[in-house]
*Asks:* 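First, the structure itself, so that you have it in front of you.
Count residues from 1 along the sequence.
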Amino acid sequence: MSSSNGNNKKNRFQNLQWFARPPKFAKRMGMMICGVIAQGLGLSLLRSIALGTDPCSCLTQGVTNFVPLSFGTCQLMCHLVTFLFVIRFDLSMIGFGTIGNMCFLGYISDFFGWIWSLVLPLGFFEGTVTRYALLIPSLAVFLLGAAAYMCAGLGSSPYDALPFIIANHVKKVPFKILRMIWDISFMAAGFLLGGDVGIVTVLVAFFLGPVITWVQKKMEVFIA
């Protein structure tokens, strides 16, 4: 028993060491920060054109319909709930990227939304042509940002980490299927709460994983 406890403490210490200073730390931190900012920028545009958001943000939008809090605060609250499970089952998934995405993504999105309200004409995002013209660029920025923060290897958001943790306990189901079920579940919950479900939500729920995997391979050269 004492040997087992000693090994557990050693593993936890190693995880904390990795959290504090992984290899190529400066490059990884820069990539993570840029990725979270880009993802927040893309998310602000996706929210503005109202053609759906990623499943996690869809659920957050649903929550904002029932509490008098900003989108950023609601997203942080939702992440904190799932964060408890990450702490319980796999500390190695936690890093600076976890904190960056969990604590700041929603607020960055709110900030850029505020910027758009100041610099763009009233009703700019209401036109059908404008909304669909911005669809692909907004989604591309969001996906590139998500890929950058994940590729940095500084930990995942609780939302992204839990499917990996579940996959480690459910060996018979392929990870892609688990991730798809995870995304669709959040999308359905967001829809029931009145979140913004649209073409973007469906695209992200089915294709986010494969797209990010492809983009990550292209970005790995920056931290080699």
Side-chain angles (χ1 to χ4, degrees), residues 4-22 28-29 32-33 35-36 39-40 43 53-110 145-146 149-173 175-195 201 204-205 208-209 212:
S4 176
N5 291 335
N7 288 334
N8 289 336
K9 290 181 179 179
K10 182 179 179 181
N11 289 336
R12 285 174 178 269
F13 177 75
Q14 288 175 341
N15 288 336
L16 290 174
Q17 285 291 92
W18 179 87
F19 178 96
R21 188 70 61 173
R28 291 176 184 273
M29 182 63 82
M32 183 276 291
I33 293 173
V36 172
Q39 193 177 7
L43 179 57
T53 61
D54 63 285
C56 181
S57 298
C58 176
L59 177 61
T60 301
Q61 287 180 319
V63 173
T64 61
N65 293 329
F66 297 91
V67 294
L69 298 172
S70 69
F71 175 87
T73 300
C74 286
Q75 186 161 77
L76 175 58
M77 291 172 58
C78 292
H79 276 313
L80 286 174
V81 173
T82 51
F83 187 55
L84 295 176
F85 290 94
V86 178
I87 293 175
R88 169 64 181 82
F89 292 103
D90 194 346
L91 282 174
S92 69
M93 302 296 293
I94 300 173
F96 288 99
T98 308
I99 305 304
N101 186 283
M102 179 176 72
C103 296
F104 299 109
L105 178 61
Y107 291 115
I108 292 171
S109 175
D110 284 343
Y149 110 82
M150 290 182 184
C151 184
L154 294 177
S156 302
S157 72
Y159 179 86
D160 293 319
L162 276 174
F164 287 101
I165 294 173
I166 294 171
N168 289 332
H169 290 81
V170 185
K171 303 290 187 179
K172 295 183 179 180
V173 182
F175 173 76
K176 289 183 179 180
I177 301 299
L178 283 173
R179 177 67 196 226
M180 192 177 297
I181 293 172
W182 180 254
D183 287 335
I184 292 172
S185 297
F186 271 72
M187 179 178 67
F191 174 77
L192 292 174
L193 292 174
T201 319
V204 172
L208 177 61
I212 286 182

*Asks:* Please report the interatomic distance CG(L43) to CD1(I108), rounded to the nearest 0.5 Å.
*Replies:*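 If we round to the nearest 0.5 Å, L43:CG and I108:CD1 are 10.0 Å apart.
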*Asks:* Could you pull out every donor-acceptor pair under 3.5 Å between side chains of residues 164-173 and any protein atom, sequence neighbours left out?
*Replies:*
residue: N168; atom: ND2; partner: F164; partner atom: O; Å: 3.3
residue: H169; atom: ND1; partner: I165; partner atom: O; Å: 2.9
residue: K171; atom: NZ; partner: N168; partner atom: O; Å: 3.2

*Asks:* Is a donor on one side and an acceptor on the other found under 3.5 Å between the side chain of S185 and the backbone of I181?
*Replies:*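 Present.
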*Asks:* Between the side chain of T98 and the main-chain N/O of M93, is any donor-acceptor distance below 3.5 Å?
*Replies:*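 Pair found, side chain donor or acceptor close to backbone of M93.
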*Asks:* Is there a side chain to side chain contact (heavy atoms under 4.5 Å, CB included) between Y159 and V86? Walk through the geometry before answering.
*Replies:* CA-CA 9 Å; Y159 179 86; V86 178; over 6 Å; no
*Asks:* Could you work out, with salt bridge (Lys or Arg N to Asp or Glu O under 4.0 Å) as the rule, every residue matching D160, not counting sequence neighbours?
*Replies:*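 For D160 the salt bridge (Lys or Arg N to Asp or Glu O under 4.0 Å) partners, ignoring immediate neighbours, are R179.
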*Asks:* If you round to the nearest 0.5 Å, how far is OG1 of T60 from CZ of F71?
*Replies:*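 One gets 5.0 Å once the value is rounded to the nearest 0.5 Å.
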*Asks:* When you look at CZ of F191, are more than 12 heavy atoms from neighbouring residues, nucleotides or ligands closer to it than 6.0 Å?
*Replies:* no
*Asks:* Between the side chains of Y149 and S156, is a donor N or O closer than 3.5 angstrom to an acceptor N or O?
*Replies:*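 Side chains of Y149 and S156: no pair found under 3.5 Å.
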*Asks:* What's the verdict on side chain to side chain contact (heavy atoms under 4.5 Å, CB included) for T53 and Q61, showing C-alpha distance, side-chain angles and the deciding distance?
*Replies:* CA-CA 9 Å; T53 61; Q61 287 180 319; 3.7 Å; yes
*Asks:* Hey, what do you get for CZ (F175) to CG (L178), rounding to the nearest 0.5 Å?
*Replies:* 7.5 Å
*Asks:* Work out which heavy atom in V63 is nearest to a heavy atom in C78; give both atom names and the distance.
*Replies:*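 Residues V63 and C78, closest heavy atoms: CG2-SG, 4.0 Å.
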*Asks:* Give me the one residue out of M150, M32, Q39 that meets side-chain contact (heavy atoms from CB on, under 4.5 Å) with N101.
*Replies:*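 With N101 as partner, side-chain contact (heavy atoms from CB on, under 4.5 Å) holds for just one option, Q39.
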*Asks:* Report the distance from atom OG of S157 to atom CD1 of I94, rounding to the nearest 0.5 Å.
*Replies:*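 Rounded to the nearest 0.5 Å, the OG-CD1 separation comes to 11.5 Å.
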*Asks:* Rounded to the nearest 0.5 Å, how far does CG of L154 lie from CD1 of I99?
*Replies:*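 With rounding to 0.5 Å, CD1 (I99) is 11.5 Å from CG (L154).
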*Asks:* What pair of heavy atoms forms the shortest contact from G195 to N65, and how long is it?
*Replies:* N-ND2, 4.2 Å
*Asks:* Parallel under 30°, tilted from 30 to 60°, perpendicular over 60°: which one fits the rings of F186 and W182?
*Replies:*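 Tilted.
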*Asks:* Is it true that, when you exclude F85 itself, more than 12 heavy atoms of the residues, nucleotides or ligands shown sit nearer than 6.0 Å to its CZ?
*Replies:*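 No, the 6.0 Å shell around CZ holds no more than 12 heavy atoms from other groups.
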*Asks:* If every non-hydrogen atom of T64 is compared with every non-hydrogen atom of S70, which pair is closest and at what distance?
*Replies:* CG2-O, 4.3 Å
*Asks:* Kindly compute the distance separating CD (Q75) from CG (L80), expressed to the nearest 0.5 Å.
*Replies:*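 The CG atom of L80 is 11.0 Å from CD of Q75, to the nearest 0.5 Å.
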*Asks:* For residues L69 and C74, report the shortest heavy-atom separation together with the two atoms involved.
*Replies:* CB-SG, 3.8 Å
